[in-house]
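Single-structure report; data block below.
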Amino acid sequence: MSPNRKPIRPLLSSRRAVATGLTGLVKPNPGFESAAVTPSPVDYPGAGGAASAAAAKRRHGSVWFGPNQERTHRYREALTGLNAAQKPGIGVPAYTRWVNRRLGRYAAAAAFAMHWTANAVTALSATFSLAAIALLVTGDPRPWVGVLVAILLATGYLLDSADGQVARLQHTGSPAGEWLDHVVDAWRTPAIHLAVLVGFSIQGQPSWVLAVVLGYCLVSVVEFMSQILAEQLSKPHSTPTPEAGPTRSFLLLPTDTGAFCWMFLLWGLPPIFVIAYTAMFAVNLLHTVISMRRKYINLRTANGAGPAGGRTSHRARNA
């Protein structure tokens, strides 16, 4: 599920910059589900200690600025900044692009208003996912189980979009936070597939269905590693990419993590769920093969083809 938190240059210098729309240029970062704004501490009462409280008092005069007003103020300011600083949806599937990112901004603003850390949001995201996995391994095929699993997984994915934005709002982005986000993403999707495997086994599904689940799990791991490595290796050679149109986003909907989460609404109808799951596996397998080929070609072009087809041996890299 999409991934990283890094320190960035402040995008906004003051509340006045947000209000007038004088924001800085946004530099897309593929590792984040959505880009975020970096506010000045004095813009958010409570974020900068005594200085921030003094600034709030100056702004509001003699009017008492209580906890509820403070949270409302912080929420509105954060949401305004986040809405003004979003990275483009280049090659992003429809649900993630227009639903998850938008809801993620509201979740990030709410977490910021309540003084939650980015790591706390990451932990909450993982907790929702673990709850869904625990339900799947029971193999219970009742409809309400599928509805609850879908809601839990979708909420976990939503919060996965919010943690990086919270880190940027709080100026707490770091390699450690990025690492934690990647670790959670690395286990989450394979764990969901393995939970489906256990549930199918309890239900007595045929062997070919279990093989499909293992194949889907493998594809998800390969696709995740391919994406992360391509982002890291292409950074020195990255070039701006034009905005992608809506058609491509809708075509990529079967590969969307959000669509995968909501597919579990069909869990209570095992024959239909198996068909939907198998179809998504086939589409994702094809997409992964095409995507990996494209990434390999792009990396060879960017770095130049070496004497061994563009490869550099592991021994040479570590010499």
Side-chain angles (χ1 to χ4, degrees), residues 1-8 11 26-39 75 78-114 116-133 149-174 177-189 191-192 220 223-224 227-228 231 244 249 252-253 255-264:
M1 299 183 180
S2 154
N4 59 22
R5 301 199 291 267
K6 296 181 179 177
I8 63 169
L11 298 175
V26 181
K27 183 177 180 181
N29 186 336
F32 285 101
E33 264 306 312
S34 45
V37 61
T38 307
Y75 174 83
L79 187 60
T80 299
L82 292 172
N83 286 332
Q86 288 297 303
K87 70 177 183 179
I90 300 171
V92 178
Y95 180 89
T96 297
R97 182 175 180 178
W98 290 301
V99 178
N100 207 63
R101 285 184 173 181
R102 182 181 297 274
L103 295 179
R105 296 197 290 271
Y106 289 103
F112 180 78
M114 293 185 291
W116 287 13
T117 66
N119 285 350
V121 177
T122 300
L124 187 61
S125 171
T127 301
F128 276 99
S129 299
L130 282 172
I133 290 170
V149 166
I151 293 173
L152 290 171
L153 289 178
T155 303
Y157 184 48
L158 168 65
L159 294 174
D160 184 48
S161 173
D163 55 5
Q165 300 181 72
V166 173
R168 293 185 177 194
L169 285 168
Q170 296 176 337
H171 300 193
T172 56
S174 67
E178 179 184 355
W179 173 85
L180 178 63
D181 198 27
H182 282 319
V183 168
V184 172
D185 289 335
W187 68 257
R188 186 185 345 236
T189 302
I192 294 172
S220 70
E223 171 62 19
F224 177 79
Q227 181 68 26
I228 295 300
E231 290 173 1
S249 291
L252 290 174
L253 191 56
T255 69
D256 199 322
T257 301
F260 176 75
C261 294
W262 289 112
M263 179 185 65
F264 284 89

Are Trp262 and Tyr95 close enough that some pair of their side-chain heavy atoms sits under 4.5 Å apart?
-> yes
Thr172 side-chain N/O to Arg168 backbone N/O, donor-acceptor pair under 3.5 Å = no
Take Leu124 and Trp116 through the side chain to side chain contact (heavy atoms under 4.5 Å, CB included) test and state the conclusion after the steps.
-> CA-CA 11 Å; Leu124 187 61; Trp116 287 13; 3.6 Å; yes
Do Leu153 and Ile192 come close enough that some side-chain heavy atom pair is under 4.5 Å?
-> yes
Close side-chain approach of Leu130 and Trp187, heavy atoms under 4.5 Å = yes
Mind checking the CD-CG spacing from Gln227 to Asp185? Nearest 0.5 Å is all I need.
-> 11.5 Å
Examine the side chains of Ser125 and Arg188 and answer whether a donor and an acceptor come within less than 3.5 Å of each other.
-> yes
Is there side-chain contact between Phe112 and Leu79, with at least one heavy-atom pair below 4.5 Å?
-> no
Flag, side chain of Thr96 to backbone of Pro93, donor-acceptor distance under 3.5 Å | no
Taking C-beta and beyond as the side chain, do Tyr157 and Phe128 meet within less than 4.5 Å on heavy atoms?
-> no
State, yes or no, whether a side-chain contact exists between Val183 and Trp179 at a heavy-atom distance under 4.5 Å.
-> yes
What are the two closest heavy atoms between Ile151 and Thr155, and how far apart are they?
-> O-OG1, 2.7 Å
Okay, side chain of Asp163, backbone of Asp181: is any donor-acceptor separation there less than 3.5 Å?
-> no
Note, Leu82 side chain near Leu169 side chain (heavy atom, < 4.5 Å) | yes
Using atom types as modelled and distance alone, determine if a side-chain donor or acceptor of Gln165 lies under 3.5 Å from a backbone N or O of Ser161.
-> yes
Could you grab the distance from atom CZ of Arg97 to atom CG of Asp256, nearest 0.5 Å is fine?
-> 11.5 Å
Please tell me if the side chains of Asn119 and Leu180 come closer than 4.5 Å, counting only heavy atoms from C-beta onward.
-> yes
Which atom pair, heavy atoms only, marks the closest approach of Ala118 to Gln170?
-> N-OE1, 3.9 Å
Scanning both residues in full, the closest heavy-atom pair of Gly104 with Ala162 reads O-CB, 3.6 Å
Between the CZ atom in Arg105 and the CG atom in Leu158, the distance rounded to the nearest 0.5 Å is 11.5 Å
